[in-house]
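Structure first, commentary second.
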Amino acid sequence: MLERKEREEKKTELPELPGAVAGQVVMRFAPNPSGPLTFGHARGVVLHLAYIERYKGKLLLRYDDTDPDIKPPLPEAYAWQREDLAWLGGKPDEVLTASDRVPIYYEHAERGLQQGALYVCRCPPEVFRDLKGHGQACPHRELPAAAQLAAWRGMLDGTTAPGGAAVRVKTDLQSKNPAWREWVALRIVENPHPRIGSTYRVWPVLDFQSAIDDHLTGVTHILRGKDLADSSHKQRYLYEHFGWTYPQVMHWGRVKMHEFGKFSKSLLTEAIAKGEFTGWDDPRLPTLKAMRRRGFQPEAIKAFWLSLGLSERDVSASLQTLEAENRQRIDPRSDRVFFVKDPVRIALRGAGFEAHPPIHPEHPARGARKLTVTADGHVLVPRSEVPEQPQVLRLKDGANVRLSASGGEVLGTAQDAGGHAARIIEWLPDDPAQTVACEVLTPEGTDQGRAEASLLAKHAGDLVQCERYGYCRIEAVDPSARAARLVFTHD
RNA sequence: GCUCCCGUAGUGUAGUCCGGCCAAUCAUGCAGGCCUUUCAAGCCUGUGACUCGGGUUCAAAUCCCGGCGGGAGCACCA
């Protein structure tokens, strides 16, 4: 009873890390630098940061870039990923790059071959697969150390062709899960590594490299996706061979965002190269670069992932939840502004009027904007709001008008007309002095229109709410051209 | 097919380890109301769930067995 009470008092979103001792936790965030970090990566980052903070632990950033062939790293991505990590508040205590540590992996490979933990397998893949399926050893498995080391040298010096040999880890051939049996530790890859070129022709696979680095850097807890769950089982064999203790591991389940389609890194790289996207920060992409550009706040992303917690359950989440978190955080600092998308010019008969919309309805002290329409003047309204038959509408904060595509008539200022009788629409005076050209990049395309001249006082990076349209981040303002470019955040 | 993991409202999530305080938490969504010269904000109300079947027990979301459903892995990828 008492125990339960204590637990409730210190209740947090995330489960405790098993065996974690404050001040002695070491974790690593280990992406493959094949592109910038994505929203999905952010889950790992956020969870690591939360635990590091809770246990006053140490965080390593480790680039697991040991595949120059199928998932080659992108040289620029190393810096991008650091920036993305920093944006989320991550300050790694140490940064490691696997491709700089190849000699270390070689040493361990040799030690393993020497002690009979590893062996050089020269079976063709199909043959080996068959043997493995039947739980049988390959002919090279029990060869003496001298033969193993000779074969290993053949891999290193170019005698053996790519695919001709691979170093395998001795596991339990009878292991009930075939996936864990006799896995490959190092193989020959002749493609030059995008970062360090052709220095090496033998590369460790992730499970080998990562296992060794985790041990050498004293990692105590590993957090990773469920897709890597088998890695833990495989790597344990290696740890046993070397007499090491395996870190604690926790996994998170698969996440599918309703709104995001299938984005694989390799497909994206290709699509960007072909110009289907403007770049890695194209607002349509689920990269942190793109989200940052759109005005998503790191705190919102953290809150989102923290709310999903660390669970192995597979979930299908909605971006709406993230947007709600973000809205809460950006609304107070988003000054209001009128943006008329796809404007139609309408002549108004009748008296002129002035509007004084507040800069922020919840913060009257910030003041108001001012829009003026002269008698028998013209206004711009969004094409989509223009009724076919004349209809009474309220130009927000301005005046009630009876309006259709052919023209309108001022019925009186909005101040005169109380209640909710008329539908409210956004608008602008048709006056170059009071407006600017404005384009908004959205995930669906680019919206063209005009916006209030008050935008000219803003700067790149500022957030605004285009009333009745949505929140946007200002990307560029050009006072001399009287133009602005925004990126749509969300509504 | 084999192996492993996971099933609480529309979507997430707390509770499950240590059965009773759970006719089940919170958020989001949706609906309604209030406020309001935007609403996407704020305030209020409502909505809606323990995958199924057995078993153990005085008592099961919680423990056991089985079914069903979902996911992942089974690469000389990460």
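Note that the structure is a prediction, hence the values are computed from the model and not measured. By convention in this document, chain letters (A, B, ...) are assigned in the order of the sequence lines, proteins followed by strands, and residues within each chain are numbered from 1.
- Judged by Watson-Crick or G-U wobble contacts below 3.5 Å, the nucleotide B/U51 has B/G67 as its partner.
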Pairs under 3.5 angstrom, nitrogen or oxygen only, protein versus nucleotides 71-73 of chain B, please.
residue, atom, partner, partner atom, Å
B/G71, O4', A/Asp314, OD2, 3.2
B/G71, O3', A/Arg254, NE, 3.3
B/G71, O2', A/Asp314, OD1, 3.3
B/G71, O2', A/Asp314, OD2, 3.2
B/A72, OP1, A/Arg254, NH1, 3.4
B/G73, O2', A/Asp230, OD2, 2.4

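- Counting non-hydrogen atoms under 4.0 angstrom, A/Ala165 reaches a base of the nucleic acid.
- A donor-acceptor contact under 3.5 Å is formed by the side chain of A/Gln465 with the base of B/U38.
- With hydrogens and angles ignored, no donor-acceptor pair closer than 3.5 Å exists between the side chain of A/Arg394 and the base of B/U37.
- Under 4.0 angstrom from either OP1 or OP2 of B/A78 there lies at least one side-chain N or O belonging to A/Arg187.
- Remark: the separation of the C1' atoms in B/A60 and B/C52 is 15 Å, to the nearest Å.
- A/Gln235 has its CD atom 19 Å from the P atom of B/C4, to the nearest Å.
- Between the P atoms of B/G7 and B/A14, the separation comes to 10 Å (whole Å).
- Of the residues listed (A/Lys234, A/Arg129, A/Arg141, A/Lys132), the one engaging A/Glu182 in a salt bridge (charged side-chain N to carboxylate O under 4.0 Å, His left out) is A/Arg141, and it is the only one.
- RNA chain B is contacted by A/Cys123, A/Pro125 of residues 119-127 of chain A, taking any non-hydrogen atom closer than 4.0 Å.
- B/C34 and B/A27: their C1' atoms are spaced 22 Å apart (whole Å).
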